[in-house]
Amino acid sequence: MAGVTAMTVQLNRMDRVSPWGFRLQGGRDFRMALSVKKVEPRSPADGQLHSGDAILAIDGYDASQMTHAQAQQMIRNSGNTLQLTVNKGLFQSLKPTGPIKFSPAAAYGYSHGHSTF
Amino acid sequence: MDNYDPGYMEEEEEWDREGLLDPAWEKQQRKTFTAWCNSHLRKGNTSIENIEEDFRNGLKLMLLLEVISGEQLPKPDRGRMRFHKIANVNKALTFIEAKGVKLVGIGAEEIVDGNLKMTLGMIWTIILRFAIQDISVEESTAKEGLLLWCQRKTAPYRNVNVQNFHNSFKDGLAFCALIHRHRPDLLDYHKLSKDNPLENLNLAFDVAEKHLDIPKMLDAEDMVNSVKPDERSVMAYVSSYYHAFSGAQKAETAANRICKVLKVNQENERLMEEYERLASDLLEWIRRTTPWLEDRTTDKTLPGTRRKLEEFRDYRRKEKPPRLEEKATLETTFNTLQTRLRLSNRPAYLPTEGKLVSDITNAWKGLEHAEKGFEEWLLNELQRLERLDHLAKKFRHKCQIHEEWAQGKEDMLRNPDYRGVRLTELKALKKKHEAFESDLSAHQDRVEQIAAIAQELNALDYHDVANVNTRCQRICSQWDVLGELTTQRRHNINDLEKVLEDIDQYHLEFAKRAAPFNNWMDGAKEDLVDMFIVHTVDEVKGLMEAHEQFKQTLGEADKEYHGIVSLVQEVQRLAQTHNLGSGATENPYTTLSAQDISQKWSDVKRLVPQRDQTLQEEYMKQQNNERLRRQFAQKANIVGPWVEKHLDAVASVGVQKGSLEEHLGTLRNIEREVESFRPNIDECERYNQEVQEALAMGFDNRLTHYTMETLRVGWEQLLTSVKRAINEVENQILTRDSKGITNEQLDEFRKSFNHFDRNKTRKLEPREFKACLMSLGFNIREDKQGEAAFQRILTTVDPNRAGYITFDAFLDFMTRETADTDTADQVMQSFKVLAGDLPYITPDVLRRELPPDQAEYCLQRMAPYSGRDGPPGALDYTSFSTALYGESDL
């Protein structure tokens, strides 16, 4: 499975009123990381962002402490280009591939490294 | 398509090719198409009267196309010249062709010239393209689609068999069936008959016009009288039914969806307000109450302190229990709310600053901390004050004895009675004074005791210390004066002593023996009425033994008494025998008389049995206290283990096998058991109060290790944990049912959850949760990035940063992908339907389509629509829909 790595993407648009073409969710006020909910086809965001991407920085500013409204305002006011640092598909990369079945043995590698058990 | 009359299609083709038009059909089309056009033109606030005249300049034709397509046509030419008109008609025809329709043989000139056949042909093309072509049921062609729709909708109706768009509609029942199928409230279909076609047709047309906003397009008489009604006219009219009904159905579905979503929001907001209100109220109460519990001062008096104890008991029994229930309600409201929010896909609820569940828990802990030891302190204080009170009484008693003794002593010492007396009398005076001096030193002890008690009262902060000090000071000052006077008098008498001597042996002996005996009796009397305070049977037994020892000495004392009295009797006998004057019987050596000694001796003898009785009563009282303590201990030893056992039972429910309903049943049983056990707690409270009232408290009850305070805490913990466990299981049932999880899946989740819940708290710490996820196959790597990923998962399962993960939240996380919940897009789509596909919605539409409550909710929250194409007052439903789910489009 591919590792989780941060990368920066740049979106471009023709004018300041056109939408970037993605839906934002989360924020400090929702106690949930800022992330991309969905992407509009044939929009500036298409192909650059994907549903599930976690947003780490907006135009170089750390986004981890931003509220939803702050991030929204910052992205709207970004001129004709927008730089986003994202973690590609963070949640998807963690999900089990097969059916979910309980197996304590799978956690042993983890538990040996710690004194809890 | 086998059920179509093959002649039907042939007929139309032939008809088109030859350009022929039955005059009766022409008349019907003219009427129907005019009405059809007007039903759309009214949206542009205009109409036509004469179909071949009013479309000639092309302006209304263009308007008609704009209204029915919802699209913008090029700007029309405003001139009145023929070529302007031709240009406008051509713009309309170009638009129609751009929609993929071939206009065979229809030219702009003929329309401008007012050719009726051409005009009707063009309007039919428009109807076919814009009102019928979109109707395609199961990929049929436009006309077949409309026919199939009619057949499906009228299938349940007897006497109706729609095979075509002419004769099948002639008797009017098909129209009535279509209306009745969608709006059964508008007509009574079963009363209609095939034999009254005129009546049926007029009924359908009237109802459609009045209630469905479909203008009359057909003439009932024409329908009945023509051999075969014009099918184009019938199709045009039937297509209006189709649009009216399918539109209404879609709008209703959309409105229902929006209502459902908004009701969820309103209910959630109501719960949030409820939570905030409860939290404020509870916190305010805690804020008010805590300082009172923290205040460990009294007014130093017994009644004031007892009142404080009463107030505390009121607080424990009446004031605090409902507040504890409020706290439990608060927690369950919070959990229910969060579960509802998760289930309806909404962001988690974050209470206002300072009203988090953890804030409430901390405030409550603060309260309990303040309360801890309050009662014990108060009881100790009460005991201290009683001891002080007793000490004060002892002080006053000793003062009184001393003051009585000191009465007149100053005057006596100042009296110069030794002047001019005889030698013997002087000797007597000297001896008398010596006796007084020994008496004085005997009283020195008491004065010291008085001073010591006063000092202790000062040290113990007795409330009426001012009076004590004044009295003590007076006694001490007087004592000093007496000492000085005594010294002075002794010097005066000693000056004369050398010349005075004669002694009466009997008197002397009497004086010698009576004085110590008298002092001994004073001491004994004092001891016999001495007050005591004891707390155990053993202590009182000790006092009784001391008293018995005292009684042993009474025989010796009685001998001494008789010895002393016999001396006086001897004097009297001698005085009598020798007939001496009364002066001789007066003992010059002592102020004590035989009567004094007798009186005191009888006093002592009277006090002995009294003391016996007092001690016996105290002995009974202590025995009673012992019984009360045993009574409480026996009950406490039953109640304590019972509460502990049931606490364990509640905790173990979650880890047992079985369905959630069985768990819920078990918990409900426990809840009932607990409720019926309550009288036992009340009984304990009663016994405890009896113990307290007998003042047998403050000493460890050797018979039990439970105190009332530990029992209360255990009991309240039990009540709370049963309620909390029931709420948890109910929320799990809610989650399971709304997510459609099977019991097997649930067992799987529970098995893994319990495996990692080592300390059986029914909560996982983040570390345990991580191991649990890995055991279920989640790929969380052992490095920085894996940790970062895990932290992000934590923010979704524990949005309130409680520091642990409940089974609820765990279940929710494991099933979040499968849940069928409404989403922002679905809500947005529903608003779009209500808005008639426009990107904005008007207040009128909201008020028309939604119940008043929900409409107002939207009006208060929707932002104005910012696009340029909206009318004044237009609202933005798109951002409203996403905001409902904590999202925004950018």
Side-chain angles (χ1 to χ4, degrees), chain A residues 1 3-6 11 17 19-33 35-38 40 43-45 54 56 64 68-69 71-76 78 82 87 90-91 93-111 113-117, chain B residues 346-350 745 747-756 758 765 767-768 770-786 788-801 813-817 823-825 866-867 879 882-883 885-890:
Chain A
M1 198 172 288
V4 180
T5 45
L11 309 186
V17 291
W20 294 107
F22 68 94
R23 185 173 297 171
L24 178 75
Q25 74 169 0
R28 184 165 55 88
D29 42 343
F30 291 124
R31 302 265 169 114
M32 185 180 172
S35 63
V36 175
K37 173 85 175 181
K38 68 168 202 175
E40 201 63 33
S43 71
L56 306 181
S64 62
H68 186 88
Q72 189 188 337
Q73 203 55 35
M74 199 150 176
I75 293 170
R76 283 224 174 101
S78 194
L82 170 65
N87 254 351
L90 181 75
F91 294 105
S93 71
L94 294 170
K95 273 190 349 196
T97 44
I100 293 179
K101 201 76 188 157
F102 173 49
S103 117
Y108 282 177
Y110 167 73
S111 56
H114 296 76
S115 54
T116 329
F117 301 114
Chain B
R346 305 293 203 283
Y349 163 57
L350 184 61
Q745 271 174 303
D747 269 352
E748 197 66 40
F749 293 147
R750 204 205 318 274
K751 206 171 10 164
S752 81
F753 186 90
N754 287 342
H755 179 86
F756 290 98
R758 299 285 160 136
E765 288 169 18
R767 184 183 296 279
E768 294 170 335
K770 188 172 178 183
C772 182
L773 284 184
M774 289 168 79
S775 80
L776 288 168
F778 279 73
N779 185 0
I780 302 169
R781 297 193 314 184
E782 278 294 312
D783 56 17
K784 253 185 161 175
Q785 285 166 353
F790 175 65
Q791 287 305 326
R792 283 177 204 282
I793 291 176
L794 268 188
T795 59
T796 67
V797 291
D798 179 21
N800 288 290
R801 300 265 160 92
F813 176 76
M814 294 308 298
T815 56
R816 99 177 22 227
E817 297 300 321
T823 65
D825 286 333
S866 59
S879 64
T882 51
Y885 293 86
E887 299 166 3
S888 55
D889 281 328
L890 294 167

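Residue numbers begin at 1 in each chain, while the letters A, B, ... track the order of the sequences.
- For the residue pair A/Arg23 and B/Glu887, the shortest heavy atom distance occurs at CD-OE1, 3.1 Å.
- Both the backbone and the side chain of A/Leu24 come within contact range of chain B, judged by heavy atoms closer than 4.5 Å.
- Heavy-atom contacts from other residues, nucleotides or ligands closer than 6.0 Å to CD of A/Gln72 number more than 12.
- Heavy atoms closer than 4.5 Å to chain B are found in the side chain of A/Leu56, but not in its backbone.
- Considering OG of B/Ser888 and CZ of A/Arg76, their distance stands at 6.0 Å, rounded to 0.5 Å.
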| field | side-chain contact (heavy atoms from CB on, under 4.5 Å) evaluation trace for B/Asp889 with A/Glu40 | value | CA-CA 10 Å; B/Asp889 281 328; A/Glu40 201 63 33; over 6 Å; no
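- For B/Thr882, the part sitting under 4.5 Å from any heavy atom of chain A is the side chain, from C-beta outward, and nothing else.
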